Amino acid sequence: MVNKLSHKLRSVGIVGLGSWLPEEIITNADLSRVVDTSDEWIKTRTGISERRKAAITEAASDLGTKAAQKALEDAGISAEEIDLIIVATVTPDMFLPSTSCIIQKNLGASKAAAFDLSAACSGFLYALAAGSQFIATGLYKTVLVVASEVLTKIINWEDRDTCVLFGDGAGAAILKPVEEGFGFLSFHLGADGTGGDYLQIPAGGSRKPASEETIKNKEHYMTMNGKEVFKFAVKIMGNASLEALEKAGLSKNDVDFFVPHQANTRIIDSAMKRLGLSSEKVYINLDKYGNMSGASIPVALDEAVKGGLIKHGDIVVLVGFGAGLTWGASVIKWFA
Ligand code: UT7
């Protein structure tokens, strides 16, 4: 539903959350039978113990639809009320149509506009920032943001540098106007395209369309320079969080709860040190799910909220980084 643009920006917040994880669990021991790795190496270098894997028939829209249904239920609204669906994903069902249109059909959200957004592990934050603008300006009342990833389908299972890190999952959030002063207090988004080579899928797009050759060379799988991404991540998690706090007129001492992108416990530890946060204020679930790219933050946020760790009025910081390179952070005064 499109209203006339209002001049005063409305406060916008998350009023419902949902997540969905596929059933199959892949343990570190399972992986050590496929590549030259060990439970000990994976746990000490990353903090990951197991991850989820979608079924052969499951695509991003299947996981995303289930997460969205849970978020709708949590918010107590029907699919007909959604004005816009934004899906953050790097593993869309296909190039055309968009995964957001498939989810729109699955939900029966017949009044919703829909588009996909590609910002890798920062995708949920980019999508929250994008979606909240439509509500703040008065154009829309209800936006569904979904982050859904089926990374196990773009992993080279012969590459131990990457195959131990990633997992599948989806998270969703319903955005609506909230009481003034609550909801999103700030966003800080950034990108550095000069680091694009550090994480990529070389073939299958318009640069190198799929061919017998690209398939033979396994160029449809993700490649990563882990060391460079690690260095970038350690710097950017703290920087982006502090930038977002400053934009909100707050400092690191005001943070009640921190939900970081779940890539590596060593990266999260360095951000915690930088922000002076104790472990009770930080949500970590990457031991169970690995890195689910854009889905990591909404799944973690959903678990933290449902687990009673985030209360009305808490100052919550979300922060992520990923391929692109991209990064994003948001400060939220929790409304629900
Ligand atoms: O969402 C963003 C996505 N990406 C990331 O967040 C990744 C960021 N990077 C990282 O988390 C870390 O760099 C990794 C976990 C990927 C790697 O940890 P590291 O401490 O940087 O290890 P490394 O790359 O320096 O490798 C150390 C050794 C190497 O052996 P040599 O050369 O010292 O003999 C690797 O070949 O560990 C070896 N290695 C492995 N050994 C067992 C690399 N992967 C594995 C493995 N199992 N799976």
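Quantities reported herein were computed from a predicted structural model and do not represent experimental measurements. Order of listing sets the numbers, starting from 1, for every ligand and every atom in it.
From the protein, the heavy atom lying nearest to atom 47 (N) of ligand 1 is Thr37 OG1, 2.6 Å. Among all protein heavy atoms, the one lying closest to atom 13 (O) of ligand 1 is Gly226 O, 3.2 Å. Remark: minimum distance from atom 36 (O) of ligand 1 to any protein heavy atom is reached at Arg160 NH2, 3.0 Å. Protein heavy atom nearest atom 19 (P) of ligand 1, with residue, atom name and distance: Arg266 NH2, 3.7 Å.
Inclusion of Lys227 in the set of residues having an N or O under 3.5 Å from an N or O of ligand 1 is warranted. Between Phe166 and ligand 1, no pair of N/O atoms sits closer than 3.5 Å. Considering backbone and side-chain N/O atoms, Thr46 never comes within less than 3.5 Å of an N/O atom of ligand 1.
Aromatic pair His312/Phe182: ring centres closer than 6.0 Å.
Among Phe321, Trp41, Phe232, Phe230, the residue whose heavy atom lies closest to atom 26 (O) of ligand 1 is Trp41.
Near Asn264, meaning under 4.0 Å from one of its heavy atoms, ligand 1 places the atoms 10 (C), 11 (O), 15 (C). Near Asp36, meaning under 4.0 Å from any of its heavy atoms, are these atoms of ligand 1: 42 (C), 47 (N).
Taking a distance limit of 4.0 Å, we find that atom 32 (O) of ligand 1 is approached by no protein heavy atom.
Residue Lys311 places its NZ atom among 12 or fewer non-hydrogen atoms of other residues, nucleotides or ligands, all under 6.0 Å distant.
Neither the backbone nor the side chain of Val35 comes within contact range of ligand 1; no heavy atom lies under 4.0 Å.
Ligand 1 is never approached by Thr162 to a heavy-atom distance shorter than 4.0 Å.
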